[in-house]
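Heads up, the thing below is written out as structure tokens.
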Amino acid sequence: MGAEWVLVLNCGSSSVKLALVDPASGERRVTGLAERVGTSGATVHLCRDGVEDTSVPEDPSSRGALTHLMASLDDGERDSLVGVGHRVVHGGSRFSASVAVDDAILADLHSLVDLAPLHMPANLLGIETARDALPGLAQVAVFDTAFHQTMPPVAYRYAVPRDWYDEHHVRRYGFHGTSHRFVSARAAEVLGRDVEDLRLVVLHLGNGCSAAAVRGGESIDTTMGLTPLEGLVMGTRSGDVDPGLLGYVARRLDLDVEGVVDALNTRSGLLALSGISNDMRTVCEAAEQGSPDARLAVDVFCYRAAKAVGALAVALGGLDAVVLTGGIGEHSAEVRRGILSHLGVLGLHEDPSANAEHGRGTSGRVSREDHPVALVVPTDEELLIARDTAHLAAQAVGEPVR
Ligand code: AMP
């Protein structure tokens, strides 16, 4: 194995994901997942050449689980690494692209923790642990927010007191940027067009959901904001609500603001509407079997996503394609149909046989007309992280960028 692989790490508060990715082909040699980290039930799963192995880390903390995962790599795999790519949730206004991490950058990243206190500490722990375990390798931070740094002020400013923005960084940032960036570029390839010439609305529909308006390959607006709570209905997140709800519910239920925000993040969305699950597969099955609450959950989800497409088509000044991705966007023909059923006004109509055929790993058109068009395009955030990492690692050691 030549020295061509990238270790991609996604360190969250309760799980750690690892993948050994070939940035050229996207091939995965090793994938790993540590679950329930920080609890006595912490478990590590590793898959190498199709063979799965499950073990229990000696130290169940995030650092312990990550160290255990990295120690599972063999010498050949370690020697093959050109760098380590880290998914980092928030780059604030400071980072508009991926960056090789040195001490100064690490200090900058620490200064952003307040913007995402649930995720950033785990992301930073990942960088620091990997730096210790694999000294000498480029550590690259790839931000969920960076792609949206091209949004103009008209899209990113909230109409809130000025000092909130000036002194406390309160503005819209947007998330899922790695996915929106990857999928926009792939959609242009699928359409045989230059991304420079396209006006796209990308719907990333997974456990978290967001839509982005991408013009000429750049994000000009998106549905998530200061935090990943704004915008579309998600698995357990409410998406947009009246901010006046916070005070009302806090008073009625005798909660503090953090308690209400926690409920909007963890006990809302599909889970709350359906009363059954945050998992769209389960909700769709229950709707099929006649549950009115599950049906309403699917309907609200699709309606809100379609309304966002309309709003973002206005932001774009026209629409060439709607691109669906993420676990739900890629796999649920029913949700795609539900969203498209609202978009006739934009000239989009489902092609039922194409819609039934695509997804499940293939890209393709799911609407009837040629323009505008609705496409399914599988996302691959790990591959984009691997490519950015290989690119920056090559620059760091003065090699030509491939
Ligand atoms: P992600 O966060 O991108 O992995 O997406 C996770 C979401 O995709 C969950 O809500 C899953 O239920 C959903 N999903 C995956 N496969 C399907 C499917 N065949 N039908 C409906 N939803 C699906």
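Both ligands and their constituent atoms are indexed starting at 1 by order of listing. The structure presented is a predicted model; accordingly, all values stated were derived computationally and were not measured.
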What protein heavy atom is closest to atom 21 (C) of ligand 1, reported as residue, atom name and distance in Å? S332 CB, 3.5 Å
Check whether F147 forms a cation-pi arrangement with R181 (NZ or CZ under 6.0 Å from the six-membered ring centre, at most 45° off the ring normal). no
Pair F175 + H90: ring centers closer than 6.0 Å: yes
May I have all residue pairs that pass salt bridge (charged side-chain N to carboxylate O under 4.0 Å, His left out) and include part of residues 141-159, sequence neighbours excluded? R87-D144
Number the atoms of ligand 1 from 1 as they appear, then name those within less than 4.0 Å of a heavy atom of G206, with their elements. 1 (P), 2 (O), 3 (O), 5 (O)
Answer yes if the ring centres of H176 and H148 are under 6.0 angstrom apart, and no otherwise. no
Return the residue, atom name and 0.1 Å-rounded distance of the protein heavy atom closest to atom 13 (C) of ligand 1. I328 CG1, 3.6 Å
For a quick test of your reading: what N or O donor-acceptor pairs under 3.5 Å do the side chains of residues 120-141 make, sequence neighbours left out?
unit_1 : atom_1 : unit_2 : atom_2 : d
N123   : OD1    : V89    : N      : 2.9
N123   : ND2    : C11    : O      : 2.8
N123   : ND2    : H119   : O      : 3.4
E128   : OE2    : H110   : NE2    : 2.8
T129   : OG1    : R63    : NH1    : 3.4
T129   : OG1    : L125   : O      : 2.6
R131   : NH1    : D103   : OD1    : 3.1
R131   : NH2    : D103   : OD1    : 3.0
Q139   : OE1    : H86    : NE2    : 2.7

Atom 9 (C) of ligand 1: nearest protein contact (heavy atom, Å): N207 OD1, 3.8 Å
On the six-membered ring of Y248, is R251 placed so that its NZ or CZ lies under 6.0 angstrom from the centre and within 45° of the ring axis? no
Would you say G326 and ligand 1 have an N/O pair spaced under 3.5 Å apart? no
Using a 3.5 Å cut-off on N or O atoms only, is R281 in polar contact with ligand 1? yes
When only distance counts, is G327 in polar contact with ligand 1, meaning an N/O pair under 3.5 Å? yes
Would you say ligand 1 has an N or O under 3.5 Å from any N or O of D279? yes
If you have a sec, work out which protein heavy atom is nearest atom 17 (C) of ligand 1 and how many Å separate them, to one decimal? H331 CB, 3.5 Å
Protein heavy atom at shortest distance from atom 10 (O) of ligand 1: M280 N, 3.1 Å
Sidechain N-carboxylate O distance under 4.0 Å for D351, R368: no
